[in-house]
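Remarks on the structure that follows.
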Protein chains: 2
Amino acid sequence: MVDKNQELRDKGLRLTPQRQLVLQAVRELGHATPEEVAEKVRSTHPGINLSTVYRNLETLENVGLVQHTHLGHGGATYHAAEELTHLHLVCGKCGSVGDAPIETAASFVNTLIDEYGFKTDVTHFAIYGTCESCTAKS
Amino acid sequence: MVDKNQELRDKGLRLTPQRQLVLQAVRELGHATPEEVAEKVRSTHPGINLSTVYRNLETLENVGLVQHTHLGHGGATYHAAEELTHLHLVCGKCGSVGDAPIETAASFVNTLIDEYGFKTDVTHFAIYGTCESCTAKS
DNA sequence: TTTTTTCTGCAAGTAATTTGCAATTCGCAT
DNA sequence: ATGCGAATTGCAAATTACTTGCAGAAAAAA
């Protein structure tokens with residue numbers, strides 16, 4: 001447990017229960033909106049304020065422990081930095097978020113660099129479309 | 001001018017000056033947030049209400065004349081349907097939006113269908129990263 | 001024209017996120 | 001252990017971006 005403490009301390013952050021809970025929630029949830037993170041945290045610690053969740057997500061992002069993306073509509077979704085090993089396949093119908101390995105996009109990403117000088121940020125890579133089950137339904 | 005009139009009429013829409021101005025603004029701007037569209041429209045017709053702009057963007061999207069994507073942060077950005085023949089390369093640094101032909105992604109898109117059953121919506125395809133000039137600056 | 005129906009402007013309403021500030025809590029230095 | 005100063009929290013109000021209800025204005029149909 002000293003490890004996990006150090007992880008935050010090393011970044012110059014204080015170790016508050018709220019902070020730890022937010023980070024833990026993001027890690028457990030995989031993908032989550034601030035609202036979902038708050039809900040998760042509250043399932044064990046009801047008193048935690050929403051703005052504390054927002055502030056911690058921002059702080060944790062600043063030190064590189066989590067990141068956010070804009071998948072589909074309005075809300076940002078957060079994930080732990082370690083989790084950024086896949087692409088997000090966002091379904092516009094049902095809102096689900098599927099995963100695919102980053103390598104799937106490797107040659108595409110290379111083409112963009114070579115031909116357009118554009119360096120794709122794979123950690124922000126969100127692909128919009130329709131998932132398999134929604135396609136089947138229609 | 002009868003042509004442009006028909007274009008809206010054929011979709012079952014009324015031909016109001018506001019509507020025409022919104023559509024024209026989207027076409028001229030290429031990529032734009034509702035706010036930017038409103039600003040453009042107001043540069044020639046100051047009295048137009050922001051909610052009219054929002055409503056028309058929605059209406060025009062319903063009939064397929066414009067489309068929106070979520071590039072980067074909060075706001076949606078709209079473009080004319082005719083413009084949807086390229087991918088959007090969104091620079092996270094400077095906010096610029098570059099273009100690349102859709103074919104660039106063709107094999108990537110096919111892989112996603114074949115292996116994950118995920119049908120990418122290329123019209124919504126926004127790729128996040130850093131553009132050439134911002135890369136050069138840093 | 002007159003009628004019908006859609007559209008617009010305005011004001012109020014939401015939803016999501018941010019901010020100001022006082023009170024609390026953490027971590028370092030006694 | 002204890003105290004101090006800075007970081008952090010909770011709360012309420014503020015902001016931002018967008019939506020909605022409604023009455024009157026303006027298209028299109030009759």
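What you see is a predicted model, and the numbers here were worked out from it, not measured in a lab. Heavy atoms only: backbone and side chains are in, while hydrogens, waters and symmetry mates are out. Each chain gets a letter, A, B and so on, in the order the sequences are listed, and its residues count up from 1.
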Quiz item: What one-letter contact string describes nucleotides 18-27 of chain C from 5' to 3', where B marks a base within less than 4.0 Å of any protein heavy atom, S marks contact via sugar-phosphate atoms alone, and - marks no contact?
Solution: BBB----BBS

Exercise. Please test His86(A) against His31(A) for ring pair (Phe, Tyr, Trp, His ring centres under 6.0 Å), starting from the C-alpha separation and ending with a verdict.
Key: CA-CA 12 Å; His86(A) 53 260; His31(A) 310 280; 5.7 Å; yes

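The separation between His68(A) atom NE2 and dA16(C) atom C1' is 14 Å, rounded to whole Å. Here the P atom of nucleotide dA17(D) and the CD atom of Glu36(B) are 11 Å apart, to the nearest Å. As rounded to whole Å, 13 Å separates atom P of dT17(C) from atom CD of Glu61(A). Atom pair Leu57(B):CG and dA17(D):P shows a separation of 15 Å (rounding to whole Å applied). Between the P atom of dA7(D) and the CD atom of Gln20(A) lies a distance of 19 Å, rounded to the nearest Å. The distance from atom CD of Glu35(B) to atom P of dA17(D) is 7 Å, rounded to the nearest whole Å.
Contact annotation: Asn56(B) reaches the phosphate of dT8(C) (side-chain N/O to OP1 or OP2, under 4.0 Å). When the side-chain nitrogen and oxygen atoms of Gln18(B) are compared with OP1 and OP2 of dA26(D), none of them lie within a distance under 4.0 Å.
Using a 4.5 Å cut-off on side-chain heavy atoms (C-beta onward), Arg27(B) and Leu65(B) make contact. In this structure, the side chains of Val53(A) and Glu39(A) stay at 4.5 Å or more apart for every pair of heavy atoms. A 4.5 Å side-chain heavy-atom check between Phe108(B) and Ser107(A) finds every atom pair outside the cut-off.
Partners of Lys40(B) by salt bridge (charged side-chain N to carboxylate O under 4.0 Å, His left out), not counting sequence neighbours, listed by chain and number: Glu28(B).
Residues His88(B) and His79(B) place their aromatic rings such that the two centres sit under 6.0 Å apart.
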